[in-house]
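Order of the sequence lines fixes the chain letters, A, B, ..., with proteins taken first and strands second; residue numbering starts at 1 for each chain.
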Number of protein chains: 2
Amino acid sequence: MPSQPDFDLEAAEIITAAVEILSESGLDAVSMRNVSARLGVSPVPLYRRIGNKEALLDAVADRLLADLAPPIGTGEPWTEYAMRWALVLRARLRGTRDGRFILWPGRDAYVEASRPLVASMRGGGFSADAAVQACRLLTWATVGFAAVESGVPLRGAQRTRSRPGSDPRGVTEGESDALFDLHIRYLIEGIADDMESPG
Amino acid sequence: MPSQPDFDLEAAEIITAAVEILSESGLDAVSMRNVSARLGVSPVPLYRRIGNKEALLDAVADRLLADLAPPIGTGEPWTEYAMRWALVLRARLRGTRDGRFILWPGRDAYVEASRPLVASMRGGGFSADAAVQACRLLTWATVGFAAVESGVPLRGAQRTRSRPGSDPRGVTEGESDALFDLHIRYLIEGIADDMESPG
DNA sequence: ACCTGAACACCGTTCAAGT
DNA sequence: ACCTGAACACCGTTCAAGT
């Protein structure tokens with residue numbers, strides 16, 4: 001069994017406890033009191049190590065987004081890598097419960113994850129500024145899509161007798177996947193076109 | 001002076017009070033207790049008229065998004081109208097305090113606002129399904145962008161001695177505008193291309 | 001130094017009364 | 001029928017003590 005934190009309380013343990021509660025019980029259950037209770041401690045030490053709840057959620061988000069970017073294939077064109085990169089980011093956001101709370105793409109993990117994408121684009125002939133802007137466009141689009149998606153009720157797989165597409169308030173998982181693919185593809189095509197003939 | 005709600009309490013008054021508190025003090029101040037206090041009433045009637053807090057925020061969002069879609073110009077091509085439509089939606093989301101809480105594009109106001117855009121696209125030769133899908137793509141992209149944008153710290157106008165673009169965590173208001181314009185333009189171009197040569 | 005118990009000022013929601 | 005006061009089970013955060 002893991003040793004109990006009787007004598008020391010590292011920030012990493014606090015973040016781990018918060019991540020566990022998030023995945024088990026959702027964002028609403030991630031309270032300073034719940035996290036401290038799981039650690040067998042009063043809430044006060046959390047304020048000493050982490051600061052406040054906002055800082056805790058920030059740290060949780062960074063943990064959940066760590067090691068995000070996939071490796072670049074040798075000779076892989078930037079358009080292909082960008083597509084893979086966006087799919088991986090969306091999958092990670094979807095995979096974390098209440099992922100819409102990870103909504104600030106300035107956080108460290110995003111900056112870290114951007115590096116290989118920027119590098120891939122620079123290898124494809126982009127200037128530094130153009131690569132950063134294109135990368136920001138794809139990041140914002142992906143994070144925004146995932147946030148919206150997480151708020152939309154899934155129509156699920158129940159056998160419906162209504163025509164497909166007739167209910168504008170729900171979306172099939174497949175429809176959502178197709179929409180994301182289309183979205184990112186349009187952006188990559190647009191970026192590629194603008195690079196060949198800059199206006 | 002307006003009459004006091006001594007004897008009757010309509011749902012519309014509740015929503016109005018919530019909207020006022022939202023714009024004056026932000027989302028955190030929109031509590032059932034605060035709203036009821038502004039109306040000079042205990043919290044209980046809100047539960048009788050509205051249901052619960054989630055329903056109240058839903059109603060607030062619908063109110064804030066009412067009468068969203070701009071009128072279509074005569075002979076205006078769908079590409080132009082779509083661009084205007086997206087700009088208006090983003091402006092509305094930016095204009096409401098803590099606009100990121102309006103994150104579920106299935107809500108009634110979005111459906112309502114979509115109608116002229118779908119009509120414009122159908123006039124441009126889209127099938128019903130294609131128009132609905134294209135409209136959904138633009139809506140999700142705009143709402144997602146606004147949500148991300150509202151979470152990103154603005155770099156503001158302070159005279160900085162660092163190179164532009166050197167701080168990846170902040171974005172100038174002009175950069176944000178340009179990014180949005182680019183984003184939507186790429187999507188419209190992609191949609192238009194796919195319609196001319198469907199794959 | 002670092003913890004705890006207790007408190008402060010809030011929440012959303014419900015219940016037993018009142019009129 | 002529709003309101004109110006009071007309560008329940010929570011929050012984030014801080015403070016005066018304890019060791």
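Side-chain contact annotation: B:Thr16 with B:Arg63, donor-acceptor N/O pair under 3.5 Å present. Side-chain contact annotation: A:Ser127 with A:Arg122, donor-acceptor N/O pair under 3.5 Å absent.
Salt-bridge formation is detected for the pair A:Arg90/A:Asp177: a Lys NZ or Arg NE/NH1/NH2 atom is positioned less than 4.0 Å from an Asp or Glu carboxylate oxygen. Ionic pairing of A:Arg38 and A:Glu24 is present here: one or more N-O contacts between side-chain nitrogen and carboxylate oxygen are shorter than 4.0 angstrom. In this structure, A:Arg185 does not pair ionically with B:Asp194, as no charged nitrogen and carboxylate oxygen lie closer than 4.0 Å. Contact check on B:Glu149 versus B:Arg100 returns no salt bridge, with no Lys/Arg side-chain nitrogen under 4.0 Å from an Asp/Glu carboxylate oxygen.
Rounded to whole Å, the distance from CG on B:Leu46 to P on C:dT13 is 10 Å. Nucleotide D:dG12 holds its P atom 9 Å from the CG atom of A:Leu57, rounded to whole Å. In this structure, CG of B:Leu27 is placed 13 Å from P of C:dC11, rounded to the nearest angstrom. The interatomic distance linking A:Asn34 (CG) with D:dC10 (P) rounds to 9 Å, in whole Å. If you take CD of B:Glu54 and C1' of C:dC11, they are 16 Å apart, rounded to a whole angstrom. Across the protein-nucleic acid pair, B:Ile21 atom CD1 and C:dC10 atom P stand 14 Å apart, rounded to whole Å. In this entry the distance linking CG of A:Leu56 with P of D:dC11 reads 13 Å, nearest Å. The OH atom of A:Tyr47 sits 17 Å away from the P atom of D:dA16 (whole-angstrom rounding).
For B:Asn52, whose side chain is taken as the heavy atoms from C-beta onward, the closest listed nucleotide among C:dT13, D:dT13, D:dC3 is C:dT13. For B:Arg48, counting side-chain heavy atoms from C-beta on, the closest listed nucleotide (D:dC2, C:dT4, D:dT13) is D:dC2. Each of D:dC3, C:dT14, D:dG12 was ranked by its minimum atom distance to the side chain of A:Ser31; first place goes to D:dG12.
In the hydrophobic cluster analysis, where Ile, Leu, Val, Met, Phe, Trp and Tyr join through side-chain heavy atoms closer than 4.5 angstrom, A:Met32 is grouped together with A:Val30. One hydrophobic cluster, built from ILVMFWY side chains closer than 4.5 Å, holds both A:Leu138 and B:Phe180.
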> In dot-bracket, 5' to 3', how would DNA chain D read with Watson-Crick or G-U wobble pairs under 3.5 Å, [ ] for crossing ones and | for pairs to another strand?
Replying inline: ||.|||||...|||||.||
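Proximity of A:Arg49 to the phosphate of C:dA1: no side-chain N or O atom is located under 4.0 Å from OP1 or OP2.
Distance noted for atom C1' between D:dA16 and C:dC3: 13 Å (whole Å). The P atoms of D:dC10 and C:dA9 are separated by 22 Å, rounded to the nearest whole Å.
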Just the atom pairs and distances: protein N or O near nucleotides 5-8 of chain C's N or O, under 3.5 Å.
{"from": "C:dA7", "atom 1": "N6", "to": "A:Arg33", "atom 2": "NH2", "distance (Å)": "3.4"}

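When the side-chain contact (heavy atoms from CB on, under 4.5 Å) test is applied to B:Val44, the partners found at least two apart in sequence or on another chain are B:Ser42.
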